[in-house]
A.B. asks: 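The following block contains the structure, expressed as structure tokens.
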Amino acid sequence: MSSDRITPRTLKGFRDFLPAAMMQREQIIDTAKQVYRSFGYAPIDTPALEYLEILTGKGSDETDRQMYRFEDAGGRQVGMRFDLTVPLARYCAQHINELGTPFKRYHIAPVWRGENTHRGRYREFMQCDFDTIGSQSLVTDIEVAVVIHELLNQIGISDFTLRINNRQVLNGLLEQLGLRDQATPILRALDKLAKTDAETVMEEMTRQSTATTEQAAKILSLVQVTGTNGEILDQLEKLADGHEATLEGIEALRHVIEGTQAAGVAQDALVLDVSIARGLDYYTGTIYETFLNALPQIGSVCSGGRYDNLTGVYTKQELPGVGASLGLDRLLAAMEELGLLQGHRTPAKLLVTFFDRDRLSDYLKICTALRRRGLAVELFPEPKKLGQQLKYANRQGFEYALIAGTQEFEGQRCQIKDLSTGESHNVDLDEQCEQLANWLQSHSPTPASEHAG
RNA sequence: GUGGCUGUAGCUUAAUCGGUAGAGCAUCAGAUUGUGGUUCUGAGGGUUGGGGGUUCGAGUCCCCUCAGCCACCCCA
């Protein structure tokens with residue numbers, strides 16, 4: 001009999017979340033929502049499953065290969081979304097007449113990619129996208145950088161670098177060298193510059209594309225321009241040699257950098273990096289990548305860019321846009337490694353102990369009154385020994401425990417024990433628990449205890 | 001998907017040339033029944049990720065498989 005039992009397990013790259021982990025996830029999601037909303041982005045959602053033809057051929061061959069696909073019970077060829085941008089494109093092509101432009105939306109949802117797993121890389125993971133559709137104004141490019149900056153700050157991360165670049169600059173420089181049609185292999189090689197040395201990159205460039213050694217060297221010299229953002233722009237301008245598209249890209253970068261500074265982003269938090277080339281093929285303007293300074297090797301935790309024509313494959317109407325995506329799971333993996341996570345297991349602030357077995361109705365009444373005043377409270381379900389109840393309260397991460405027995409009820413008060421300090425406070429118990437609620441609300445949450453989930 | 005490394009109770013881990021698994025933490029229960037996170041005692045929990053093979057005998061050797069990590073690739 002027992003040998004017939006099924007081993008409980010999850011698929012490679014798919015995970016369960018315990019309450020302590022889920023609390024962290026929800027906290028970041030809530031923060032993202034609040035930041036996106038503060039800029040006027042509105043929520044949307046789309047189905048997890050789409051017709052296969054909607055999804056294929058929109059990213060790269062690689063994303064097609066990684067997509068989960070199957071035939072549904074009705075014989076339809078379907079695929080699971082591998083990002084939120086392609087569904088957004090379909091969504092806009094379908095609804096833009098009802099929406100109008102500029103259309104600002106955020107979308108927080110899981111996506112699926114059947115690729116090999118890694119630290120911070122899963123087959124089911126959550127993306128927190130925000131985009132502005134239908135505007136070519138650089139104001140929207142500026143806003144994306146400001147949102148990313150604000151988002152990470154609100155999450156509680158200050159030690160990060162937001163790197164930006166512009167595809168027009170890269171493409172323009174390649175065009176000057178007559179290598180425009182070699183952009184993909186060259187940019188792919190270039191992208192490895194952060195991981196390896198210039199020689200290796202040059203070698204790959206000449207091997208994977210038609211570029212000569214001289215051309216490869218030129219590209220690297222262009223990309224390795226150093227200095228402050230302003231100095232880099234000035235130097236690039238000279239190197240552009242009057243090439244129109246390149247100069248346009250440089251001007252765009254200048255605007256974005258100046259704009260973000262005007263918006264209050266510290267100068268050193270935004271770095272112009274001509275070597276970042278990544279991002280999906282559909283990016284055409286500004287591109288963004290965000291690295292945690294303490295853990296750059298985990299990759300970008302928030303990336304995005306501008307695209308000229310989101311909906312081209314679905315409709316004649318051209319819709320430009322710009323946006324970025326926070327990689328929630330990668331960020332959490334990084335935060336866990338960096339010890340930035342706290343270990344609360346309960347969303348409730350107060351545990352009402354079931355102390356006197358004859359006073360259940362009083363405890364229930366107190367809980368209801370407090371909840372009606374907006375406090376999250378939990379009643380311990382059994383009249384166990386107080387020590388055990390307090391142990392539970394401590395383990396779950398409650399901030400306070402309410403203790404009330406005959407002595408307290410006779411004096412029309414209760415005992416509130418601060419679980420982080422061990423101190424007890426006597427608080428009056430009126431009919432509607434008004435004083436108690438006020439007491440709890442006026443005592444700011446104690447800093448999270450050290451024990452991490 | 002390709003190549004490499006790893007896999008012992010919930011977690012961290014011990015086991016000498018192959019001789020049938022030990023511990024710490026955690027959990028649960030107690031220590032003359034109103035106070036936890038720092039004591040003491042006890043208990044549960046492992047067919048050593050799973051399957052097969054070699055052997056008198058395998059956690060230890062071989063093969064397959066699953067999962068994790070690293071590199072490539074790609075990306076959040």
Side-chain angles (χ1 to χ4, degrees), chain A residues 2-3 6-16 18 59-66 82-85 108-129 148 184 188-189 191-192 195-196 204 208 276-281 288-292 297-304 324-334 337 343 351 353-357 359 380 383-398 400-409 414-424 449-453:
Chain A
S2 62
S3 61
I6 297 159
T7 309
R9 56 187 186 145
T10 53
L11 284 164
K12 180 185 177 74
F14 289 73
R15 299 160 298 155
D16 285 330
L18 298 184
S60 54
D61 293 348
E62 189 63 21
T63 49
D64 280 3
R65 219 186 44 156
Q66 292 175 353
F82 56 85
D83 71 7
L84 299 177
T85 305
I108 298 173
V111 301
W112 297 271
R113 292 182 196 172
E115 67 175 333
N116 222 339
T117 56
H118 248 315
R119 176 181 53 163
R121 290 176 71 162
Y122 310 99
R123 289 185 170 174
E124 177 181 60
F125 60 97
M126 196 70 97
Q127 289 197 324
C128 311
D129 275 38
I148 293 173
T184 304
R188 189 168 290 166
D191 198 50
K192 290 172 188 156
K195 280 187 180 175
T196 177
E204 180 174 335
Q208 300 291 335
I276 64 162
R278 279 180 179 181
L280 270 44
D281 292 341
Y288 311 82
E289 298 220 315
T290 316
F291 294 90
L292 304 185
Q297 64 275 27
I298 205 156
S300 171
V301 296
C302 191
S303 311
S325 180
L326 175 73
L328 178 71
D329 297 278
R330 182 175 285 184
L331 177 67
L332 280 163
E337 184 154 339
L351 179 76
T353 57
F354 192 167
F355 183 45
D356 184 335
R357 61 174 66 240
R359 293 284 191 166
F380 196 84
K384 278 196 184 179
K385 289 206 301 189
L386 192 55
Q388 286 176 39
Q389 296 190 44
L390 290 174
K391 197 173 170 186
Y392 168 81
N394 186 60
R395 181 166 55 110
Q396 297 297 112
F398 283 92
Y400 299 102
L402 181 149
I403 299 162
T406 309
Q407 288 170 31
E408 284 82 3
F409 282 116
C414 65
Q415 217 185 112
I416 298 295
K417 190 179 179 77
D418 184 328
L419 290 162
S420 62
T421 64
E423 289 171 47
S424 278
S449 50
E450 321 73 62
H451 64 269

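So that the names make sense, note that chain A is the first sequence line, chain B the second, and so on, each numbered from 1. Note: hydrogens, waters and symmetry copies are ignored here, and every other heavy atom, side chains too, is used.
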A.B. asks: Using whole Å, what does the distance between atom P of nucleotide B:rG68 and atom CZ of A:R121 come to?
C.D. replies: 13 Å
A.B. asks: Got a donor-acceptor contact below 3.5 angstrom from the A:Q389 side chain to the A:K384 backbone?
C.D. replies: yes
A.B. asks: Which part of the nucleic acid, if any, lies within reach of A:G304 when heavy atoms closer than 4.0 Å are counted: base, sugar-phosphate only, or nothing?
C.D. replies: nothing
A.B. asks: Kindly say whether, by distance alone, the side chain of A:R113 makes a donor-acceptor pair under 3.5 Å with the base of B:rC74?
C.D. replies: no
A.B. asks: Please enumerate all residues that pass salt bridge (charged side-chain N to carboxylate O under 4.0 Å, His left out) together with A:D329, with sequence neighbours excluded.
C.D. replies: A:R15, A:R25
A.B. asks: Nearest 0.5 Å, please: how far is CZ in A:R119 from CD1 in A:I298?
C.D. replies: 5.0 Å
A.B. asks: Determine the Euclidean distance between corresponding P atoms of B:rC61 and B:rU48; express it in Å to zero decimal places.
C.D. replies: 15 Å
A.B. asks: What's the CG-C1' distance between A:D16 and B:rG10, to the nearest Å?
C.D. replies: 14 Å
A.B. asks: Can you check the distance between B:rG19 and B:rC56, where both ends of the measurement are the C1' atom (answer in whole Å)?
C.D. replies: 10 Å
A.B. asks: Taking B:rG42 as the reference, what is the distance to B:rU6 when you measure between their P atoms (whole Å, please)?
C.D. replies: 38 Å
A.B. asks: Restricting to side-chain contact (heavy atoms from CB on, under 4.5 Å), what partner residues turn up for A:Q407, sequence neighbours left out?
C.D. replies: none
A.B. asks: Any chance you could encode RNA chain B as dot-bracket? Rule is Watson-Crick or G-U wobble with both distances under 3.5 Å; [ ] for pairs crossing earlier ones, | for another strand.
C.D. replies: (((((((..((((........)))).(((((.......))))).....(((((.......))))))))))))....
A.B. asks: Does B:rC70 have its OP1 or OP2 closer than 4.0 Å to a side-chain nitrogen or oxygen of A:R119?
C.D. replies: yes
A.B. asks: Touch check for A:L419, heavy atoms < 4.0 angstrom, all strands: base, sugar-phosphate only, or nothing?
C.D. replies: base
A.B. asks: The side chain of A:Q127 lies closest to which of these nucleotides: B:rU35, B:rA76, B:rC70?
C.D. replies: B:rA76
A.B. asks: Could you list the residues that satisfy side-chain contact (heavy atoms from CB on, under 4.5 Å) with A:A404, not counting sequence neighbours?
C.D. replies: A:Y363, A:L402, A:E408, A:F409, A:C414
A.B. asks: If you pin A:R9 and A:L328 to their nearest nucleotides in RNA chain B, which one's is more 5'?
C.D. replies: A:R9
A.B. asks: Can you tell me how far C1' of B:rA76 sits from CD of A:E124, to the nearest Å?
C.D. replies: 14 Å
A.B. asks: Just verifying a value: how many Å separate A:K417 NZ and A:L351 CG, rounded to the nearest 0.5 Å?
C.D. replies: 13.0 Å
A.B. asks: For the P atoms, the ones on B:rU33 and on B:rC25, what distance do you get once it is rounded to whole angstrom?
C.D. replies: 26 Å
A.B. asks: Under the ring-ring contact (aromatic ring centres under 6.0 Å, His included) rule, collect the residues that match up with A:F125, sequence neighbours excluded.
C.D. replies: none
A.B. asks: Roughly how many Å is it from CG in A:D418 to P in B:rG36, rounded to a whole number?
C.D. replies: 15 Å
A.B. asks: Out of B:rC74, B:rG68, B:rU35, which nucleotide sits closest to the side chain of A:K417?
C.D. replies: B:rU35
A.B. asks: Taking the C1' atom in each of B:rU8 and B:rG68, what is the distance between them to the nearest angstrom?
C.D. replies: 15 Å
A.B. asks: How far does the C1' atom of B:rG51 sit from the matching atom of B:rA67, given to the nearest Å?
C.D. replies: 15 Å
A.B. asks: A:Y122: which residues meet the ring-ring contact (aromatic ring centres under 6.0 Å, His included) condition with it, sequence neighbours left out?
C.D. replies: none
A.B. asks: How long is the gap from CZ on A:F291 to SG on A:C302, to the nearest 0.5 Å?
C.D. replies: 11.0 Å
A.B. asks: A:R395 side chain N/O closer than 4.0 Å to the phosphate oxygens (OP1, OP2) of B:rC28?
C.D. replies: yes
A.B. asks: Rounded to whole Å, how long is the line connecting atom OH of A:Y122 with atom C1' of B:rA67?
C.D. replies: 14 Å
A.B. asks: Tell me the interatomic distance from A:D83, atom CG, to B:rC75, atom C1', rounded to whole angstroms.
C.D. replies: 11 Å
A.B. asks: May I have the distance from A:L11 (atom CG) to B:rG68 (atom C1'), rounded to whole angstrom?
C.D. replies: 15 Å
A.B. asks: Identify, with sequence neighbours excluded, every residue that meets side-chain hydrogen bond (donor to acceptor under 3.5 Å, both in side chains) alongside A:S325.
C.D. replies: A:D129
A.B. asks: For the pair A:S300 (side chain) and A:T290 (backbone), establish whether a donor and an acceptor sit closer than 3.5 Å, ignoring hydrogens and angles.
C.D. replies: yes
A.B. asks: Mark up nucleotides 1-9 of chain B, 5' to 3', with B wherever a protein heavy atom is under 4.0 angstrom from a base atom, S wherever such an atom reaches only the sugar-phosphate, and - elsewhere.
C.D. replies: BB-------
A.B. asks: Taking the same atom, C1', in B:rC72 and in B:rG10, what whole-Å distance lies between them?
C.D. replies: 35 Å
A.B. asks: Not counting sequence neighbours, which residues clear side-chain hydrogen bond (donor to acceptor under 3.5 Å, both in side chains) with A:E124? List them please.
C.D. replies: A:W112
A.B. asks: Does A:K12 have any side-chain contact (heavy atoms from CB on, under 4.5 Å) partners at least two apart in sequence or in another chain, and if so, which?
C.D. replies: A:N116, A:T117, A:R123
A.B. asks: When you check every protein heavy atom under 4.0 Å of nucleotides 29-34 of chain B, what one-letter string (B, S, -) results, 5' to 3'?
C.D. replies: SSS--B
A.B. asks: Check whether any side-chain nitrogen or oxygen of A:H118 sits under 4.0 Å from OP1 or OP2 of B:rG68, and answer yes or no.
C.D. replies: no
A.B. asks: Is A:T117 close enough to B:rG68 that one of its side-chain N or O atoms is under 4.0 Å from OP1 or OP2 there?
C.D. replies: yes
A.B. asks: For A:L390 and B:rG36, what is the distance between atoms CG and P respectively, to the nearest whole Å?
C.D. replies: 7 Å
A.B. asks: If the P atom of B:rC28 is compared with that of B:rG37, how far apart are they to the nearest Å?
C.D. replies: 13 Å
A.B. asks: Taking only residues two or more places apart in sequence or in another chain, which ones pass side-chain contact (heavy atoms from CB on, under 4.5 Å) with A:Q66?
C.D. replies: A:E62, A:R113, A:E115
